[in-house]
Each structure stands twice: as structure tokens, then as C-alpha cells.
Amino acid sequence: PQDQAPIVVARGSGTSPPLRRWLTDVTAAPARGTRLTRVVPPGASRSRPAALLRAPLDARGRRVGELALLGPAGRLRASALPASFPGELGAAIDRRCDLERLERRGEVVNRLMVLLSSPHTLDTVFATFAEGIGQLVRFDAISIALLEAERGAFESFDLAAGALRGSPPPGTWTPLEGTLLERVVSTGAAVRIDDLERDESPEIGRRVFVDRGYRAVTLVPLSSGTVFGAVVVASTRPGALQDADLEVVAGLTRPLALGIERWRLAEESRRRARETHALLEAGRAVTASLDVNRTIRVVLEEARGVLGVD
């Protein structure tokens, strides 16, 4: 499966753990077409080799697995496998993987929507999102970049599922100009780069990932009418992130954007409430006392509460 480690299924008479490991090692290198070879598996002697028939399983132009048949030499022949069977089996496996992926994707969306129906912290939303993405897409690092348009800069939040190596600490604002996020904001569309070392994007945008050992990256916009950030998924393997991965991330990014916007609105409401309370308290202090020092102390205390400083 695209989003999981390879699955090896070994069946037959006398299938032992050593034989299973041997088959796993043998099929690690993909077969190029249907091939029949003589081999000496664990438990066999060189005087009585076995026959190994390998056939790639493809679907929609990509490799989904491999079929390996092990049997007595001379009795197992390439003609034993109908020419259409590998393609039919590959298509069936691909459809099954797609169904399972859709089920898992639906479960993740449901968890996010349940979370958004009640008061929540941004950290909780991020953790739920990261856990869900980790079940659906294979990657090495994931982060969220939130833009502050007035600053012309963004803040990055590494997620527990896989922090970007060398990311700046929380509270660090990175200038937007020249970054891949700027491209996402200007076009409103996702950006996918299969090989950062060969891509023709501006050097400054790519170098921040290349210097940290990443070769492929995908940025999916966070939007509520206008783009206010992006989900950044990176991999150390060139071409590791495909269209199907982009579709999955985009599907989960929509409820994530809703959760972030709700959190921002709640934070704005709390900030305005603090400001209103501070103004009322300052007004009371002015009208209740002619002591200038006391009035100044009250105003400073309320200002500290609004600004969140000591």
C-alpha cells in the first residue's frame, strides 16, 4: 500500500519463518516482468533446487505488489500463470487498498469534526490532524505554517507526527518573500515538488528544505476564502509524495482550516473582552479616586493583562 510499509504474505505447505524472511529479501528488488529462475531456498539442497516464478502486480500504471510462486524445479513453469492474472490481481489489490484508505480518511474527518463541535485548543486540533495524516500518508516530516499578512511573515508549528529538522522555535517569524509559502499564497493552489535538488523554484524557497535533508515536499493551502497558511509535508525520498497523497492532505486540510479559524475567532473575542474589561476598570479607577499613583497602577495592571506581559 502507498501509505503503509510493504506487506508480505507467505502461504503454502512448510512455510517457515526463515522461508518467509528469504522471500521478503528476494522480492525486495522489484521484478522486471514475469521471470522464472532456479533458487535454493532455506531447507533445500543445491542438488535439488527449486523454481521461483515472479510476476509484478501493476494497476493504473504503477506497481502495487509482486506475486512470487515457489515450487519444484521442472514442475513449476511460467506457463502455469495466465498472462492476464497479474494485472487482474494487481487491480483487485489496488481497489481494496483504495477502499481501506477511504474508510480511514472518513474516520479521521469524523474525529476532526467531532473535535470542532466542542471547545478546543489549537494544540489538540493539530495533534488530531497529525495523527490522522500519519495513518494515510507516508512522510518524514510535517508542519503547519500560519501567515500574518500585516507582518508579511509566517510562524511554523511542527507536529508530533514528524517535526521538520532545523525548524525555527515557536514564536519565530519567517519573512514570506521568496519562500514556497509565498507561491501558495499568491496562487491559492497547492505546490508539489518531486525533487527539490532538480526543481527550478527560487533557490531560497527550496534550500531551506534541501539543507535539512529533504528531497520532496508538498504544501497544501489553508484557506477560509483567502489563504492564511499551509500544511507542509516533506520526505527524504525524491518522488515520494504522489497525487493521491496530495488529495488526502487537501481533504483533511479543509476541516483543519475551519478549526484554526474558529480558534482565531475565539481568541479575538477573548482579546476584545479583556480590552473592554481593562477600559472599564481604568475608567472606574479614574472616577473613583483622585490619587494619580493609584490610577496609574490600575491602568498598568489592566494593560499587562491585555498584552499578556509581566
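These numbers come from the heavy atoms of this one structure, side chains and all, not from hydrogens, waters or symmetry mates.
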Participant: Could you pull out all donor-acceptor pairs under 3.5 Å where a side-chain atom in residues 35-43 meets a protein atom, sequence neighbours excluded?
Facilitator:
none

Participant: When you compare the side chain of Val210 with that of Arg207, does any pair of heavy atoms fall below 4.5 Å?
Facilitator: yes

Participant: Tell me whether Glu182 contacts the main-chain N or O of Gly178 through its side chain, where contact means a donor paired with an acceptor under 3.5 Å.
Facilitator: yes

Participant: Taking atom CD1 of Ile193 and atom CZ of Phe209, what is their separation to the nearest 0.5 Å?
Facilitator: 8.0 Å

Participant: Would you say Thr174 and Glu155 make side-chain contact, with heavy atoms under 4.5 Å?
Facilitator: no

Participant: Taking the side chain as every heavy atom from C-beta outward, state whether Val217 and Val233 have any pair of such atoms under 4.5 Å apart.
Facilitator: no

Participant: Provide the closest heavy-atom pair for Ala51 versus Pro72 in the form atom of the first, atom of the second, distance.
Facilitator: CB-O, 4.0 Å

Participant: Evaluate Trp173 against Glu148 for side chain to side chain contact (heavy atoms under 4.5 Å, CB included), listing each step before the verdict.
Facilitator: CA-CA 9 Å; Trp173 292 93; Glu148 188 166 315; 3.3 Å; yes

Participant: Does Ala44 offer a backbone N or O that forms a donor-acceptor pair with the side chain of Arg48 under 3.5 Å?
Facilitator: no

Participant: Tell me, with the steps shown, if Leu147 and Val185 meet side chain to side chain contact (heavy atoms under 4.5 Å, CB included).
Facilitator: CA-CA 9 Å; Leu147 174 68; Val185 172; 4.0 Å; yes

Participant: Measure the shortest side-chain to side-chain distance between Val191 and Thr218 over non-hydrogen atoms and say whether it is less than 4.5 angstrom.
Facilitator: no

Participant: Decide, yes or no, whether a salt bridge links Asp194 with Arg192 under the criterion of side-chain N to carboxylate O below 4.0 Å.
Facilitator: yes

Participant: How many angstroms lie between atom CZ of Phe228 and atom CZ of Phe154, to the nearest 0.5 angstrom?
Facilitator: 15.0 Å

Participant: So Thr253 and Phe129, side chain to side chain contact (heavy atoms under 4.5 Å, CB included) or not? Walk me through it.
Facilitator: CA-CA 8 Å; Thr253 296; Phe129 173 79; 4.3 Å; yes

Participant: When rounded to the nearest 0.5 angstrom, what is the spacing between CG in Asn110 and CD in Glu107?
Facilitator: 8.0 Å

Participant: What's the shortest heavy-atom distance between Leu57 and Pro86, and which atoms?
Facilitator: CD2-O, 3.4 Å

Participant: Among Val232, Val125, Leu222, Asp158, which residue meets the side-chain contact (heavy atoms from CB on, under 4.5 Å) test with Ile144?
Facilitator: Leu222

Participant: Starting at CD1 of Ile133, measure out to OG1 of Thr128 and round the result to the nearest 0.5 Å.
Facilitator: 12.0 Å

Participant: Do Arg215 and Glu197 have side-chain heavy atoms sitting under 4.5 Å apart?
Facilitator: yes

Participant: Whether the side chain of Asp140 engages the backbone of Thr236 through a donor-acceptor N/O pair (distance < 3.5 Å, no angle test) should be reported.
Facilitator: yes

Participant: Counting N and O atoms only, with roles assigned by atom type, does the side chain of Glu66 sit under 3.5 Å from a partner on the main chain of Ala31, one being a donor and the other an acceptor?
Facilitator: yes

Participant: Closest approach of Ala230 and Val184, non-hydrogen atoms and distance?
Facilitator: CB-CG1, 4.5 Å

Participant: Can you tell if the side chain of Arg54 reaches within under 4.5 Å of the side chain of Thr27, non-hydrogen atoms only?
Facilitator: yes

Participant: Is there side-chain contact between Pro30 and Arg63, with at least one heavy-atom pair below 4.5 Å?
Facilitator: yes

Participant: Could you pull out the closest heavy-atom pair between Leu181 and Ala145, with the gap in Å?
Facilitator: CD2-CB, 3.9 Å

Participant: Nearest 0.5 Å, please: how far is CG in Leu219 from OG in Ser143?
Facilitator: 8.0 Å

Participant: Which atom pair, heavy atoms only, marks the closest approach of Ile142 to Phe139?
Facilitator: CG2-CE1, 3.6 Å

Participant: Hey, could you give me the CG/CG distance between Leu76 and Leu70, rounded to the nearest 0.5 Å?
Facilitator: 8.0 Å

Participant: Other residues, nucleotides and ligands only: do more than 12 of their heavy atoms fall within 6.0 Å of CZ on Arg237?
Facilitator: yes

Participant: How close do Thr34 and Ala55 get, counting heavy atoms only, and between which atoms?
Facilitator: OG1-CB, 3.7 Å

Participant: Do Leu69 and Phe85 sit in the same hydrophobic cluster, where Ile, Leu, Val, Met, Phe, Trp and Tyr count as joined when their side-chain heavy atoms come under 4.5 Å apart?
Facilitator: yes

Participant: Under a 4.5 Å cut-off applied to non-hydrogen side-chain atoms, are Val231 and Leu252 in contact?
Facilitator: no

Participant: Does Asp245 pair with Arg138 as a salt bridge, N-O distance under 4.0 Å?
Facilitator: no

